[in-house]
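Have a look at the structure below before the remarks.
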Amino acid sequence: MCVFHVSSLTKSFKRFIDQTGLPIYQSHEKGEEKKPVKGIFEDFGFSCDVSKKPWDNFKRQTDDIEVV
């Protein structure tokens with residue numbers, strides 16, 4: 001599996017997330033409470049899967065990534 005993490009200190013991704021077809025599995029807004037750990041997010045961010053190939057097969061993971 002290959003995961004793509006994106007973060008920004010100044011810009012929210014909420015509108016992008018609402019419009020994209022990416023397989024996003026988590027996102028957060030700056031100032032939201034972190035769960036299950038305690039704390040507050042100091043950035044905006046999201047994560048999505050870009051490959052389901054095994055962790056130890058980097059070459060096959062990068063073959064899955066489609067650059068648009």
Side-chain angles (χ1 to χ4, degrees):
M1 173 182 281
C2 184
V3 178
F4 180 54
H5 298 286
V6 180
S7 67
S8 171
L9 294 175
T10 59
K11 184 162 174 80
S12 173
F13 299 103
K14 184 165 177 34
R15 196 162 108 188
F16 172 79
I17 290 168
D18 291 344
Q19 295 174 351
T20 189
L22 290 174
I24 295 169
Y25 66 86
Q26 71 179 13
S27 65
H28 62 271
E29 292 291 302
K30 190 173 187 175
E32 284 183 345
E33 184 179 347
K34 294 181 181 182
K35 295 176 185 175
V37 297
K38 293 184 179 181
I40 301 294
F41 283 105
E42 296 180 3
D43 64 352
F44 302 94
F46 71 89
S47 301
C48 63
D49 295 331
V50 291
S51 174
K52 297 290 187 191
K53 300 298 189 285
W55 285 103
D56 61 353
N57 197 332
F58 183 72
K59 171 68 175 127
R60 289 185 65 204
Q61 289 177 8
T62 57
D63 288 345
D64 277 356
I65 299 170
E66 187 175 317
V67 178
V68 180

With sequence neighbours left out, write down each residue that passes side chain to side chain contact (heavy atoms under 4.5 Å, CB included) with K30, or none if nothing qualifies. F44
Shortest non-hydrogen contact from [X] toward [Y]:
X	Y	answer
D43	S8	CB-O, 3.4 Å
F41	E33	CE1-O, 4.0 Å
P23	C48	O-CB, 3.2 Å

Quick one: CD on E32 to CD1 on I40, what's the gap to the nearest 0.5 Å? 9.0 Å
Got a second to check how far E42's CD is from K34's NZ, nearest 0.5 Å?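 Taking CD in E42 and NZ in K34, the distance rounds to 6.5 Å.
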Residues 10-19, side-chain donor-acceptor partners within the protein, below 3.5 Å, at least two apart:
| from | atom 1 | to | atom 2 | distance (Å) |
| --- | --- | --- | --- | --- |
| S12 | OG | K14 | N | 3.1 |
| S12 | OG | E29 | OE1 | 2.8 |
| S12 | OG | E29 | OE2 | 2.9 |

